[in-house]
Number of protein chains: 2
Amino acid sequence: MYLRAISFLQQQAREYVSSQDLADQLHLKSPQIRKDFSYFGAFGVKGTGYHVDTLIGRIRDILKLSSIQKAALIGAGRLGKALALYPGFGMYGFEIVEIFDSSPQKIGKKIGNTKIKSINDLGDMEEQGIRLAILAVPSEAAQEVADRLVESGIRGILNMAPCYITVPKRVRVQTIDIAMELGILPYYV
Amino acid sequence: MYLRAISFLQQQAREYVSSQDLADQLHLKSPQIRKDFSYFGAFGVKGTGYHVDTLIGRIRDILKLSSIQKAALIGAGRLGKALALYPGFGMYGFEIVEIFDSSPQKIGKKIGNTKIKSINDLGDMEEQGIRLAILAVPSEAAQEVADRLVESGIRGILNMAPCYITVPKRVRVQTIDIAMELGILPYYV
DNA sequence: CTGTGCTTGTGAATGTGAACACAAGCACTG
DNA sequence: CAGTGCTTGTGTTCACATTCACAAGCACAG
Ligand SMILES: NC(=O)c1ccc[n+]([C@@H]2O[C@H](COP(=O)([O-])OP(=O)(O)OC[C@H]3O[C@@H](n4cnc5c(N)ncnc54)[C@H](O)[C@@H]3O)[C@@H](O)[C@H]2O)c1
Ligand SMILES: NC(=O)c1ccc[n+]([C@@H]2O[C@H](COP(=O)([O-])OP(=O)(O)OC[C@H]3O[C@@H](n4cnc5c(N)ncnc54)[C@H](O)[C@@H]3O)[C@@H](O)[C@H]2O)c1
């Protein structure tokens with residue numbers, strides 16, 4: 001969240017930012033931000049604020065986003081297609097290098113410059129340096145595909161299906177349930 | 001989250017569920033679940049668990065998801081198209097009744113059964129009983145469109161653009177930044 | 001109708017994160 | 001070089017959420 005906000009400031013050629021500025025932008029309190037940054041090691045300048053470039057570098061290092069991270073996309077349906085063509089992953093240094101699907105109609109076709117391969121040709125992801133996967137298959141297939149991904153050496157899964165998937169401890173899953181997020185709104189409205 | 005998990009059990013014709021069962025499924029501790037449900041008012045049966053149908057009804061009531069909620073979609077791009085055709089909103093009682101875009105190439109075309117209208121014909125959402133909007137426009141346009149939505153009487157916005165938008169206090173915003181969620185993974189991997 | 005086995009509901013203890021308040025420090029001015 | 005204005009870093013306080021532990025209660029069996 002900080003990385004996104006501060007990258008935005010970088011684009012505007014801002015050199016320094018104060019905790020108060022960030023707090024206003026992110027709708028947080030300024031001590032919160034100073035405490036967080038202090039855990040990274042102190043590098044703010046009293047009276048001036050934090051050096052934007054330094055801050056971005058530090059956060060990227062901590063999040064291990066300094067080097068390009070390869071990712072595989074599973075499921076070339078409506079959502080999968082949108083994700084495959086989404087340029088926003090680039091900002092965090094992600095690159096979708098493989099797309100897999102199970103549908104014979106889709107295998108062999110291309111999305112952008114990437115050819116859709118059969119899920120049966122998943123192979124060894126670890127060997128290819130692909131540690132992340134984006135899962136955009138129907139809920140019913142999510143667990144089965146996750147199992148295959150784990151077997152192939154994937155270490156992190158971004159799950160777009162509205163269901164829990166079970167994986168070994170060494171694998172990290174992050175689930176986004178878009179409908180659920182929308183479901184939060186009526187309560188407050 | 002509870003609603004999703006328990007709806008799943010309902011589909012499997014499960015009649016009762018214990019806090020322990022749910023805890024295992026959601027990777028939580030069972031007292032957490034009992035505490036949460038106790039805030040809703042006690043209605044579990046000792047020795048048996050919670051009645052699935054009653055629980056779902058209660059949670060839907062609290063979240064104001066008992067009646068159908070109309071929603072407008074803004075932005076008929078790649079993501080917008082996927083969202084417009086996504087059946088998963090139905091589970092929470094949502095229905096996308098209007099689609100708006102600014103591109104002359106898209107206005108007038110249909111996605112599913114819904115015609116894409118011009119953003120200039122937004123009109124009065126409140127009058128039409130539309131209180132929610134899904135925002136799937138480029139980041140640069142997000143704030144401007146949000147302002148127009150607020151003006152038209154929208155009360156809740158699901159923002160898919162990777163940026164903060166500022167709205168009056170009476171309006172609630174929920175932002176999903178898909179790339180950011182993926183950005184969390186490398187740290188743990 | 002009594003005993004056994006679960007499961008709930010909740011007071012108390014624990015853990016954790018946010019907010020406050022302020023000393024310390026840098027920059028810039030005259 | 002002293003004075004002024006901002007901003008950081010952090011010890012302390014506070015608030016809240018999670019977890020524990022256990023009495024109370026229901027179902028079902030014999
Ligand atoms: N469409 C949306 O806007 C949206 C929004 C939120 C969540 N989702 C979720 O994302 C997932 C995909 O949604 P969608 O709308 O793209 O669905 P879709 O039906 O358009 O696409 C699913 C794709 O997955 C492929 N697939 C099915 N089983 C597979 C398997 N075992 N291995 C590999 N590929 C397989 C299908 O061939 C298809 O191409 C679903 O779980 C859905 O709930 C979608
Ligand atoms: N594509 C994805 O998978 C993906 C993933 C995560 C987030 N997002 C975000 O979702 C948003 C949309 O992404 P996309 O890939 O669909 O982009 P897109 O360029 O394909 O579509 C954007 C649509 O918005 C319309 N638009 C532009 N300005 C508008 C305005 N002022 N009023 C109404 N409509 C307007 C455009 O005509 C276009 O149809 C972006 O903010 C993007 O960052 C997309």
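Letters A, B, ... mirror the listed sequences (proteins, then strands); counts begin at 1.
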If we only count heavy atoms from C-beta on, is the Arg155(B) to Tyr188(A) side-chain gap below 4.5 Å?
-> no

Assert: residue with more 5' nearest nucleotide on DNA chain C, out of Ser19(B) and Asp36(A), is Ser19(B)

How about Asp124(A) and Gln128(A): does a side-chain donor come under 3.5 Å of a side-chain acceptor?
-> no

Integer-rounded Å distance: dG9(D) P and Phe40(A) CZ = 12 Å

Atom pair distance, as rounded to whole Å: NZ in Lys35(B) and P in dC16(D) = 15 Å

Short side-chain N/O contact from Tyr16(A) to OP1 or OP2 of dA27(C), under 4.0 Å = no

Roughly how many Å is it from CD1 in Ile33(A) to P in dA18(C), rounded to a whole number?
-> 11 Å

Polar atom pairs between nucleotides 22-30 of chain D and protein, under 3.5 Å, N or O only, would you list them?
from	atom 1	to	atom 2	distance (Å)
dG25(D)	N2	Gly47(B)	N	3.4

How many angstroms lie between CG in Asn113(B) and CG in Leu85(B), if you round to the nearest 0.5 Å?
-> 9.5 Å

Would Asp21(A) and Gln25(A) satisfy side chain to side chain donor-acceptor pair (under 3.5 Å), going step by step from the backbone distance to the final call?
-> CA-CA 6 Å; Asp21(A) 282 354; Gln25(A) 218 172 105; over 6 Å; no

Look at the side-chain N and O atoms of Tyr39(A) and state whether any lies under 4.0 Å from the OP1 or OP2 oxygen of dA18(C).
-> no

Ignoring hydrogens and angles, state whether a donor on the side chain of Arg34(B) or Ser30(B) is under 3.5 Å from an acceptor on the partner side chain.
-> yes

Rounded to the nearest angstrom, tell me the gap between atom CD in Gln20(B) and atom C1' in dG5(C).
-> 15 Å

In whole Å, what is the span from the CZ atom of Phe43(B) to the P atom of dT7(C)?
-> 17 Å

Side-chain donor-acceptor pair under 3.5 Å between Asp147(A) and Gln143(A), yes or no?
-> yes

How close or far is atom C1' of dT7(D) from atom CZ of Phe37(A), stated in whole angstroms?
-> 14 Å

Rounded to whole Å, CD of Gln32(A) lies from C1' of dA15(D) at a distance of 14 Å

Give the ring-plane orientation class for Phe89(B) versus Tyr86(B), where under 30° counts as parallel, over 60° as perpendicular and anything between as tilted.
-> perpendicular

Between atom NZ in Lys29(B) and atom P in dG15(C), what is the gap in whole Å?
-> 13 Å

